[in-house]
Structures are given as C-alpha cells and as structure tokens.
Amino acid sequence: MLSPAVLNGIVATYMMLAFNSVFWGHLTTLFDGVPANILLFACAVWMLTFFTLSLFSLPRVQRPLIALLILLAAAAAWYQDHLGAVIDKLMIQNVVNTTVAESRQLITLPYLRHMTLTGLLPVALLYWPRITYPKARHLLWKMPLTVVASFLLTFGFLFVNLKANVSIIREHHELMGSYQPGATIGAIARYVKMEVRARNTEVAPLGRDAAKGPDLLAAKKPVLLVIFVGETARAQNFGLNGYDRPTTPELAKLDVLNFSDTSSCGTSTAVSVPCMFSPFSQAGYSHQRFMGSENLLDVLSHAGVTPIWVDNNTGDQRIARRTGSRRIDATIDPAACASGECTDKALLATLDKEIGAIQEDTVLVLHMIGSHGPAYYLRYPQGFGPFASDCRTSEFDYCTQAEITNAYDNSIAYTDHILASAISILQEQDRVLPAMVYMSDHGESLGEAGLYLHAAPMFMAPEVQTKVPFLMWLPQRFRQAMRLDDTCLSKLTAQPVSQDNLFHTVLGLMDISTTARQSALDLTSTCRSERPRT
C-alpha cells in the first residue's frame, strides 16, 4: 500500500530520470558541471514536479491524470531526444493542425517501442499498488498542506542560489522548455489561452476600398496570378541560390526572378502561412491579430478579383474561411494519389482545369505538400529522384545523414519540376494573362546542431529554418500589360526581402488600389512605369 504522497514521489523521480535527458544536458552545461548548483536546481525542479502531481491527489482522479502526464511526457521526450524539437504552444498548434497522414509518418516502430516501454508499461504498473487515501476530513487539510509545502520547498531550493538560478531561467529559455512534463503542460495551457482569445476576437475589415487599377481594367484577357505556397523548402538547398547540387535544373533554364535572400515569418506552417497572407509584419504578427483581421484573399475579393484556394497540405490555416477553400481532388489525377497521399503533381491537373474555367481576374493559391518531413521520400514518385541512395523511411535512425539529405534534395528537385511544369502550362495557354509566384513557408533542419524538421522557436531557430526560396515568373506579356520594367525587377532580386512583402506585392502585381497596400513593401511599386497619357 502507498500513500498519495509516496506515489507522487515515485512518479516525480521516474519522470525526472526517464523523460528529461535534454533537460539534464542543458542543466549540466549551464552550471558548468558544478555538482552543488546542479543538485540544488534539480531538487527544485523535482519538487516542482511533485507539486504538480500533488494538485491531483484525489481518489479516482490521481492515477488517471498521472497516467495522462506520463504519456504526454513520454511522447514529448521522444521528439526532444530524436529530433531536437522544442515543445511550446506553436508546436501544440502544429500537432492540432496536422493531418492523419502526417501523424502516421511520425508514428514509427521505434516510437511505438519507446511509448510502450516508457509510457504504457509504467501506466499499467501505476494501477498495481493499492493507494490509501485519508478520510475526507483529513484530506481537506492534508492535501492543501502537501501542495503548499512542496510549493514553498520549490522556491526554497531556488533561493539558495537565487541570483544564478534567476539569471539562467530568464536568459536560457531552452532549459525549462525541455523540462517534462512541465514544458508540455505549459504549452498546452498557452495554446488553449491563445485559441480562446483568437476565437473571441471580432474580425476587423481590411481593404474595403480595394479596386482594380487601370492596368488590370485594361487587360484584354482575365488575369491569372498563381501563387504556389511551398512547404518546408529551405533556401540553402535551392539550386538557384547557389547550392552545390543541381536541385533546380528546370527552373534554371527559365526566365524567373529569384529572390535569394528571403526570410520567413515563422518556422512552422501554422505561423508562416497565415502571416504571409496577413497585412502584418513578422515583428507585429500574432495569431490573435491574424484572427482579428481580414487578409489578402478578402482584399482581393473586395476588389472584384476571385480568390481560389486549393490545398494539398494541412489546410488553409483559416486564411480562406470567408472566401472558401477545397482540398485537392484525388480523382483528378489518381496516379499522383495512388499511395494515399497526393504528390504535388495533382496540383498541375488542378491548374489545367482551373484555367479552362476562368472567366474573370483570379488569384489561384495552390498549397503544396512540397518537402514536408520526415517522410521526404513520399513527396516525389519512386524512380524520380536524381540523388540516389535516398532515405526511404520516416525514421531517421535507420538512415545515414547522406541518405536523409538525398531524400530531401529529391523533394526539392520535384518541386522544381512541378513549378517548371506549371510555367509550361501557363505559357502554352491563351485564355488568360498569366503570372506565377512561389514562396515557401519555412525551411528545415537536416541534422545541423542535432536538430531535425522545423518549428524551432524564432529566438533560437537556425537560418536553415528561416531562409526560404522565393521566385516570380512574369512573362513578357504580363510585364507589358502591368507596365513592369524588366531591369528594375531583376535588380530587386539581390536585396533582402521577407514574407512581409508577399501581401503587398501580390496586390501590386494584380494592380489593386487600396490603402491596405504599402508601397514600401510592394516589390513592384518602384518598377512600374508611368501610364501613357491619352
């Protein structure tokens, strides 16, 4: 038989030992290996864990909640240890927004083995001993006393070395950000708070004065701007940006404007994609501000331009909640969707179909699956990859670093093929006046500094997660119709730009007049010649 406090002590000790290897690594480094300081801080964190568990020390409540915390901590520890993931509110947002197909790719045999041994087995053992709870009249004072005592002891251990502890907690967020289960509990709480605030925010109008400019009105055919929203393509592996492997051979043969120094708004789809289509800069963006404002698709609609969102990824991220969106139709290209997930080749058939139906000025957004990991090999057809010996699993432990890079580079090469094919489709048709923009949402870590995938907090994110490819294809007929100077546009490609520019540049490309459009962020504003006087 065990008392509730003894059970909490055993579980707190287990959690600190089983799920906090990253935390221990940070702690040892930050305290320069000084045993006394490490021990005092570790005791404070152990007491914090004990305090958290003590909050639920009630009959019929304690064991189910402890079981849930063990499973959450076990899952979080796996991704921290194997991928270098940081569990924060944005990571929770990514988890909530992920698809079933993506979830399956992350649930590998090693992960299931880890969850069984460190999660499910301890949870089963949790129900083995008999727990003796105090009678109700004693529980009313014993439980609060335990909670208060553990809370005070937490601060007591910190107080012994207060100056150093406070400094480290303030300046090194990665320390407590790796502590389990605390980091996960805090992340879930902050995510829920963020969503509640965002959902209760009234949507403010934006660009209600938007109108078509003279160039758009004078166009003899419907204008079609296609925006490919890329996924997980990092600029460093884009051949057009000087990468030492030919990952963009088809685009290299075409007349495209490649902006080689482009920064992202975030390191995850859930942040970067809404930010790209919002009027807010990276510095001023927040989920609540996005939810409380109309966005680019709304402004286009106000101007009489038809916005269409077609998705081959995790959804429109609520960007098209007022204008409508649809997922890729697997029936339009069954071969591209034969594996259960569609490669981006299905977007080409969608593009061809949309062109045949367009009757008015349109902005078509095609949200790609791109290079979404860890199953890079699923992003391109088998047999396509120009880089042999690619990683053919989503479990990186089974692959060499070279194989992981080969698979990722193959996915970039396939994006190159899709974009070049889209340009060919647009170039050959004569129903619309076409143009195309491609911008990835964020980059990717491929093992640098022990990090894999993306979604690192911006304060610590490496450049491979924040530098993205961005290019435009503006054929001569489009440039002439919109009075865009070739030489001027080419000079712009060398300057640093960011996802802040997309909102305003799309309005500029479509010749939309509105107070929501900022000339300083519109890359076309200085390259448009004066309209001839009549």
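Given the structure is predicted, the values throughout are model-derived calculations rather than measurements. In what follows, residues are counted from 1 in the order of the sequence shown. Basis for what follows: all heavy atoms, side chains included, without hydrogens, waters or symmetry-related copies.
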For T184, side-chain hydrogen bond (donor to acceptor under 3.5 Å, both in side chains) partners two or more places apart: Q180
Please report the C-alpha distance between L446 and V464 in whole Å, then the side-chain angles of each, then the deciding distance to 0.1 Å, and finally whether the side chain to side chain contact (heavy atoms under 4.5 Å, CB included) criterion is met. CA-CA 9 Å; L446 297 175; V464 290; over 6 Å; no
Quick one, K491 and C488 - any side-chain contact, counting heavy atoms below 4.5 Å? no
Looking at R379 and E341, does any basic side-chain N land under 4.0 Å from a carboxylate oxygen? yes
Tell me if a side-chain donor or acceptor on Q282 pairs with a main-chain N or O of S272 at a distance below 3.5 Å. no
So, the side chain of H367 versus the backbone of W309: is there a donor-acceptor pair under 3.5 Å, distance only? no
Quick one, P434 and R477 - any side-chain contact, counting heavy atoms below 4.5 Å? yes
Which atom of D390 lies closest to which atom of R392, heavy atoms considered: OD2-NH1, 3.1 Å
Could you grab the distance from atom OH of Y377 to atom CG of N410, nearest 0.5 Å is fine? 13.5 Å
For the residue pair S264 and V468, establish whether any side-chain heavy-atom pair is separated by less than 4.5 Å. yes
I'd like to know if the side chain of N241 reaches the main chain of Q236, judged simply by a donor and an acceptor atom lying under 3.5 Å from each other, with no hydrogens or angles considered. no
Grab the two heavy atoms, one from L71 and one from G119, that are nearest each other, plus how far apart they are. CD2-C, 3.8 Å
If only side-chain N and O atoms count, and only distance matters, is there a donor-acceptor pair under 3.5 Å linking T262 with K467? no
To the nearest 0.5 Å, what is the distance between OG1 (T247) and CD1 (I412)? 6.5 Å
Ring centres under 6.0 Å, that's the criterion: do Y79 and Y111 meet it? yes
Under 3.5 Å, is there a donor-acceptor pair between the side chain of T524 and the main chain of D522? no
Smallest separation among heavy atoms of D311 and N313, with atom names: OD1-N, 2.7 Å
Flag the pair L240 / S260 as yes when at least one side-chain heavy-atom distance between them is below 4.5 Å, and no otherwise. no
With distance as the sole test, does R528 use its side chain to make a donor-acceptor pair with the main-chain N or O of G508 at under 3.5 Å? yes
Y408 and ring pair (Phe, Tyr, Trp, His ring centres under 6.0 Å): which partner among F387, F238, Y376, Y243? Y376
Donor-acceptor contact below 3.5 Å, side chain D316 vs main chain R318: yes
Where is the tightest heavy-atom contact between T118 and A74, given as atom of each residue plus distance? OG1-CB, 3.8 Å
Taking side chain as C-beta onward, heavy atoms only, is F503 less than 4.5 Å from L507? yes
Could you list the residues that satisfy salt bridge (charged side-chain N to carboxylate O under 4.0 Å, His left out) with D333, not counting sequence neighbours? K345
Would the number of heavy atoms belonging to other residues, nucleotides or ligands and lying under 6.0 Å from NZ of K221 be above 12? yes
Smallest heavy-atom separation, M276 atom then V229 atom, equals CE-CG1, 4.2 Å
Here the gap from L300 atom CG to F277 atom CZ, rounded to the nearest 0.5 Å, amounts to 9.0 Å
Would T269 and Q317 count as having a side-chain donor-acceptor pair, cut-off 3.5 Å? no
Let me see the working for M368 and N312 under side chain to side chain contact (heavy atoms under 4.5 Å, CB included), right down to the final yes or no. CA-CA 5 Å; M368 309 175 77; N312 191 34; 6.0 Å; no
Give every residue pair that meets the side chain to side chain donor-acceptor pair (under 3.5 Å) criterion with at least one member in residues 415-426, sequence neighbours excluded. E250-H417, S424-E428
Hey, does T505 have a side-chain heavy atom less than 4.5 Å from the side chain of L521? no
Which value, rounded to the nearest 0.5 Å, describes the distance between H372 atom NE2 and S411 atom OG? 11.5 Å
Run L348 and I418 through side chain to side chain contact (heavy atoms under 4.5 Å, CB included) and show every step you take. CA-CA 7 Å; L348 298 178; I418 296 300; 3.9 Å; yes
Which residue, L225, L296, V223, L509, forms the side chain to side chain contact (heavy atoms under 4.5 Å, CB included) with V363? L225
R431 meets the salt bridge (charged side-chain N to carboxylate O under 4.0 Å, His left out) criterion, sequence neighbours left out, with none
d(E174 CD, F459 CZ) to nearest 0.5 Å is 6.0 Å
Quick one: CZ on R234 to NE2 on H454, what's the gap to the nearest 0.5 Å? 13.0 Å
Under 3.5 Å, is there a donor-acceptor pair between the side chain of D261 and the main chain of V497? no
The criterion is salt bridge (charged side-chain N to carboxylate O under 4.0 Å, His left out); which residues satisfy it with R245, sequence neighbours excluded? D409
Measuring only between side-chain heavy atoms, which start at C-beta, is L216 closer than 4.5 Å to I512? yes
I would like to know whether T232 and E444 meet side chain to side chain donor-acceptor pair (under 3.5 Å); could you show each step before the answer? CA-CA 6 Å; T232 320; E444 183 87 327; 4.7 Å; no
Residues at least two apart in sequence or cross-chain that pass salt bridge (charged side-chain N to carboxylate O under 4.0 Å, His left out) with R321, listed by chain then number, are none
Using 4.0 Å as the upper bound for N to carboxylate O, is an ion pair formed by D485 and R479? no
Determine whether M439 and F228 make a side-chain contact, defined as any pair of heavy atoms from C-beta on separated by less than 4.5 Å. no
Applying side chain to side chain contact (heavy atoms under 4.5 Å, CB included) to L484 and L489, what does each step give before you reach the verdict? CA-CA 8 Å; L484 295 173; L489 289 169; 3.9 Å; yes
Does any N or O in the side chain of R327 come within less than 3.5 Å of the main-chain N or O of T314, such that one atom is a donor and the other an acceptor? no
Is Q80 reaching over with its side chain to a backbone N or O of V22, donor-acceptor style, under 3.5 angstrom? no
For the pair E403 (side chain) and T400 (backbone), establish whether a donor and an acceptor sit closer than 3.5 Å, ignoring hydrogens and angles. yes
Tell me whether the rings of H82 and W78 are parallel (<30°), tilted (30 to 60°) or perpendicular (>60°). parallel
Please work out whether the ring planes of H114 and F19 are parallel, tilted or perpendicular, with thresholds of 30° and 60°. perpendicular
Non-hydrogen atoms of Y438 and G230 that approach each other most closely: CE1-CA, 3.6 Å
Check the surroundings of atom CD in Q495: do more than 12 heavy atoms from other residues, nucleotides or ligands lie under 6.0 Å from it? yes
